[in-house]
A.B. asks: 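Sharing a structure below in structure tokens format, with a few things to ask.
Throughout, residue positions are numbered sequentially from 1 according to the sequence presented. Everything quoted here is computed from the prediction, not taken from an experiment.
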Amino acid sequence: MDRLASSETEARCVWVNGPVVIGAGPSGLATAAWLGRLGVPCVVLDRADRIASLWHYRTYDRLKLHLPKQFCQLPFLPFPPHFPEYPSKHQFLSYLHSYAAKFGIRPRFNQSVLSTQFDPLCGLWRVRTLDLAADSGRTTEYICKWVVVASGENAQPVLPDIPGLDKFNGRVLHTCAYKSGEDFRGQRVLVVGCGNSGMEVSLDLCNQGAKPYMVVRNSVHVLPREILGFSTFGVAMGLLKCFPLKLVDKFLLTCALVAFGDTKKHGIPRPKVGPLELKNVAGKTPVLDVGALSKIRDRKIKVMRGVKEVTCCGAKFVDGQEVEFDAIILATGYKSNVPSWLKGTESTVHFSEDGMPRLPFPNGWKGENGLYTVGFTRRGILGACADATKIAHDIAEQWRTPATTETTRFIVSKRSSTQ
């Protein structure tokens, strides 16, 4: 997958006869595999030292895929048949490594992208990277006609601004650093956030002998992971083929009411908008329950309202309660880091301030001047694979144009000779 059309200059200027894909997670791998299938060479860059670094380094031990494996597989390769319906973190990583090997995807690791900018003088992209594995601080500039941003919507953790958090004497960590509740056995732990991560971390803490308190500031949809033995997500996708979205939402909420009762009684109010509609409009994912709700009903996981202030030994809440804690875990999610390295007008035109494409799915995959984005749909791996397919076909159509390739080579040759 990493074929270069010309040699590297002394200034480490590399001409790439194809696109540069920034990110070696599932989105980048899917795009690279599609490009390879269509005969288009590419270079995949990643800041970390291995593929899917988020799954390697920033996930907790008990994590499993929230959706059945058929909804999480990448193009051209299903999961092994002996894998369970909801593969574990380690099984998913094994699958991704097998995927990269099968399709000959060899990313260039330890490449921190410093800047990516379109050069209107030559009509090409300049991707400048820092080699994190080299002591010399060596930089490389990749020159290419297309750039695929595959760094994803979960590139860096979101750290909330909570008054007094810096004064807390106990341990404070984001879920990206959390591994197991065993490290907190016997401790009273405040979990800030009630999404899928917050719910699962609270459940894990409870199962490992800790005493979790989970903060629920806003309304959230909690759905059973399965309905009558079938995946809730799969059932919803099937129903949407025949019924309008609002009707499917009513069905899902009825199933949730039967399974859990009124979650508002347990401190978890539901949004007024249905779960699927809310996902489409605001990108907010419903929580798929894997056991936390029963612990909440039994008061083994205590639900708290918003934090007013963190003290040296605990927290004060908006309802007037004050509780002492040994540790605070921030289950506050992740965000895109694209604005920190994508420069020029392409950044502000195609991306908003939060690093997400301005155009919503399914139209956010293509920008101007050969810029593409994959993995920013807020629709998981299914959405990423849909975008990867469109991106690869669009680039392949341009790449096969002989005039485009020859002109590009000429321009790069002329510019490199002047450096």
A.B. asks: Compare all side-chain heavy atoms of Ser151 with those of Val338 and state whether any distance is below 4.5 angstrom.
C.D. replies: yes
A.B. asks: I'd like to know whether Lys302 forms a side-chain contact (heavy atoms from CB on, under 4.5 Å) with Met214, so could you lay out the CA-CA distance, the side-chain angles of the two residues, the decisive distance to 0.1 Å, and finally the verdict.
C.D. replies: CA-CA 6 Å; Lys302 296 184 179 180; Met214 185 178 67; over 6 Å; no
A.B. asks: To the nearest 0.5 Å, what is the distance between CH2 (Trp365) and NE2 (His350)?
C.D. replies: 10.0 Å
A.B. asks: Is the backbone of Ala155 close enough, under 3.5 Å, to the side chain of Arg58 for a donor and an acceptor to pair up by distance?
C.D. replies: yes
A.B. asks: Is the backbone of Leu342 close enough, under 3.5 Å, to the side chain of Ser347 for a donor and an acceptor to pair up by distance?
C.D. replies: yes
A.B. asks: Whether Asp61 and Lys179 form a salt bridge (side-chain N of Lys/Arg under 4.0 Å from carboxylate O of Asp/Glu) is what I want to check.
C.D. replies: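 Salt bridge flag = no for Asp61 with Lys179.
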A.B. asks: Has Thr116 got a side-chain atom pairing as donor or acceptor with Val127's backbone, closer than 3.5 angstrom?
C.D. replies: no
A.B. asks: Taking it one step at a time, do Tyr334 and Leu54 satisfy side-chain contact (heavy atoms from CB on, under 4.5 Å)?
C.D. replies: CA-CA 11 Å; Tyr334 296 84; Leu54 175 66; 4.1 Å; yes
A.B. asks: Do Lys89 and Thr59 pair up side chain to side chain, a donor and an acceptor below 3.5 Å, judged on atom types alone?
C.D. replies: yes
A.B. asks: After noting the C-alpha distance and the side-chain angles of Glu153 and Lys335, does the key distance pass the salt bridge (charged side-chain N to carboxylate O under 4.0 Å, His left out) rule?
C.D. replies: CA-CA 5 Å; Glu153 56 202 33; Lys335 62 181 179 180; over 6 Å; no
A.B. asks: May I ask you to decide if the ring planes of Phe71 and Phe233 are parallel, tilted or perpendicular, using 30° and 60° as cut-offs?
C.D. replies: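 Plane angle over 60°, so perpendicular.
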A.B. asks: Give me the atom names and distance for the closest heavy-atom approach of Glu277 to Asp249.
C.D. replies: N-OD2, 3.1 Å
A.B. asks: State whether the number of non-hydrogen atoms from other residues, nucleotides or ligands found under 6.0 Å of Tyr57 atom OH is greater than 12.
C.D. replies: yes
A.B. asks: List the steps, then state whether salt bridge (charged side-chain N to carboxylate O under 4.0 Å, His left out) holds for Arg138 with Asp131.
C.D. replies: CA-CA 6 Å; Arg138 183 177 64 186; Asp131 188 349; 2.9 Å; yes
A.B. asks: Counting N and O atoms only, with roles assigned by atom type, does the side chain of Glu397 sit under 3.5 Å from a partner on the main chain of Asp394, one being a donor and the other an acceptor?
C.D. replies: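 No: the side chain of Glu397 does not pair with the backbone of Asp394.
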A.B. asks: Any donor-acceptor pair under 3.5 Å linking the side-chain atoms of Gln111 with those of Asp46?
C.D. replies: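 There is no such pair (donor and acceptor under 3.5 Å, judged by atom type) between the side chains of Asp46 and Gln111.
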A.B. asks: Do we see a donor-acceptor contact under 3.5 Å between the side chains of Asn196 and Glu200?
C.D. replies: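 Their side chains do not contain a donor-acceptor pair, so the 3.5 Å distance test is not met.
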A.B. asks: Got Leu253 and Leu257 here, is their nearest side-chain heavy-atom distance under 4.5 Å?
C.D. replies: no
A.B. asks: Test Asp387 against Lys390 for salt bridge (charged side-chain N to carboxylate O under 4.0 Å, His left out), laying out the working first.
C.D. replies: CA-CA 5 Å; Asp387 280 354; Lys390 289 182 284 189; 3.7 Å; yes
A.B. asks: Are the side chain of Arg217 and the backbone of Val307 linked by a donor-acceptor contact shorter than 3.5 Å?
C.D. replies: no
A.B. asks: Are any of the side-chain heavy atoms of Leu173 and Leu330 separated by less than 4.5 Å?
C.D. replies: no
A.B. asks: Side chains of Arg12 and Tyr142: is there a donor and an acceptor less than 3.5 Å apart?
C.D. replies: no
A.B. asks: Quick check on the 6.0 Å ring-centre criterion: do Phe76 and Trp34 meet it?
C.D. replies: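 They qualify: ring centres under 6.0 Å apart.
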A.B. asks: Looking only at heavy atoms, which two atoms of Ala52 and Leu96 are closest? And how far apart?
C.D. replies: CB-CD1, 3.5 Å
A.B. asks: Over 60° means perpendicular and under 30° means parallel, so classify the ring planes of Phe79 and Tyr95, tilted if in between.
C.D. replies: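 Tyr95 vs Phe79 ring planes: parallel.
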A.B. asks: Decide, yes or no, whether a salt bridge links Glu141 with Arg126 under the criterion of side-chain N to carboxylate O below 4.0 Å.
C.D. replies: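 Salt bridge: yes.
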A.B. asks: Sub-3.5 Å donor-acceptor pair from the side chain of Lys343 to the main-chain atoms of Ser340, do we have one?
C.D. replies: yes
A.B. asks: Going by atom types alone, do Ser112 and Arg47 pair a side-chain donor with an acceptor below 3.5 Å?
C.D. replies: yes
A.B. asks: Can you confirm whether Lys64 is buried at NZ, in the sense that more than 12 heavy atoms of other residues, nucleotides or ligands lie under 6.0 Å from that atom?
C.D. replies: no
A.B. asks: Roughly how far, to the nearest 0.5 Å, is CD1 of Ile22 from CH2 of Trp125?
C.D. replies: 9.0 Å
A.B. asks: Taking the side chain as C-beta and beyond, is there a heavy-atom pair between Asn280 and Leu245 under 4.5 Å?
C.D. replies: yes
A.B. asks: Whether the side chain of Thr175 engages the backbone of Ala331 through a donor-acceptor N/O pair (distance < 3.5 Å, no angle test) should be reported.
C.D. replies: no
A.B. asks: Return the CZ to SG distance between Phe83 and Cys72, rounded to the nearest 0.5 Å.
C.D. replies: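 Taking CZ in Phe83 and SG in Cys72, the distance rounds to 12.5 Å.
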A.B. asks: Could you state the interatomic distance from CG (Asn110) to CG (Leu45), rounded to the nearest 0.5 Å?
C.D. replies: 11.5 Å
A.B. asks: Do other residues, nucleotides or ligands put more than 12 heavy atoms under 6.0 Å from Lys211 NZ?
C.D. replies: no
A.B. asks: Can you name the closest pair of heavy atoms from Pro224 and Leu288 and give their distance?
C.D. replies: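 Closest pair (atom of Pro224, atom of Leu288, distance): O-CD2, 4.0 Å.
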A.B. asks: Please find out if less than 6.0 Å separates the ring center of His97 from that of His56.
C.D. replies: yes
A.B. asks: For Gln208 and Phe184, indicate whether the former's side chain and the latter's backbone hold a donor-acceptor pair under 3.5 Å.
C.D. replies: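 Answer holds: no.
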A.B. asks: Tell me if a side-chain donor or acceptor on His174 pairs with a main-chain N or O of Gly333 at a distance below 3.5 Å.
C.D. replies: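 At least one qualifying donor-acceptor pair exists.
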A.B. asks: Does a side-chain heavy-atom distance below 4.5 Å link Trp341 with Leu114?
C.D. replies: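 Trp341 does not reach Leu114 side chain to side chain.
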A.B. asks: I need the minimum non-hydrogen distance between Ile143 and Leu124, along with the two atoms involved.
C.D. replies: CG2-CD1, 3.8 Å
A.B. asks: So which atom in Leu165 and which in Pro160 form the shortest heavy-atom distance, rounded to 0.1 Å?
C.D. replies: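 Where Leu165 meets Pro160 most closely, the heavy atoms are CD2-O, 4.4 Å.
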A.B. asks: Less than 4.5 Å apart, side chain to side chain, heavy atoms only: is that true for Tyr60 and Asp204?
C.D. replies: no
A.B. asks: To the nearest 0.5 angstrom, please state how far the CG atom of Asp119 sits from the CD atom of Gln117.
C.D. replies: 8.0 Å
A.B. asks: Hey, what do you get for SG (Cys144) to CG (Asn17), rounding to the nearest 0.5 Å?
C.D. replies: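 So the gap between those two atoms works out to 11.0 Å.
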A.B. asks: Please assess Arg108 against Val43 for the test side-chain contact (heavy atoms from CB on, under 4.5 Å), listing each intermediate value before the final yes or no.
C.D. replies: CA-CA 7 Å; Arg108 294 189 169 193; Val43 170; 4.1 Å; yes
A.B. asks: Hey, which of Val201, Ile301, Ile296 is the one that makes side chain to side chain contact (heavy atoms under 4.5 Å, CB included) with Cys206?
C.D. replies: Ile301
A.B. asks: What are the two closest heavy atoms between Tyr99 and Ala33, and how far apart are they?
C.D. replies: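 Here Tyr99 and Ala33 meet closest at OH-CB, 3.1 Å.
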A.B. asks: Are the side chains of Phe92 and Ile381 in touch, meaning some heavy atoms are under 4.5 Å apart?
C.D. replies: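 In contact.
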A.B. asks: For residues Leu203 and Arg62, determine if any side-chain heavy atom of one lies less than 4.5 Å from a side-chain heavy atom of the other.
C.D. replies: yes
A.B. asks: Do side-chain atoms of Arg400 reach the backbone of Ile395 as a donor and acceptor pair under 3.5 angstrom?
C.D. replies: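 No, the answer is negative, given that no donor and acceptor are paired below the 3.5 Å cut-off.
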A.B. asks: Determine, stepwise, if the pair Cys255 / Val258 fulfils side-chain contact (heavy atoms from CB on, under 4.5 Å).
C.D. replies: CA-CA 5 Å; Cys255 292; Val258 171; 5.8 Å; no
A.B. asks: Decide whether Thr285 and Lys279 meet the rule of one side-chain donor and one side-chain acceptor closer than 3.5 Å.
C.D. replies: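 Yes - a donor-acceptor pair under 3.5 Å links their side chains.
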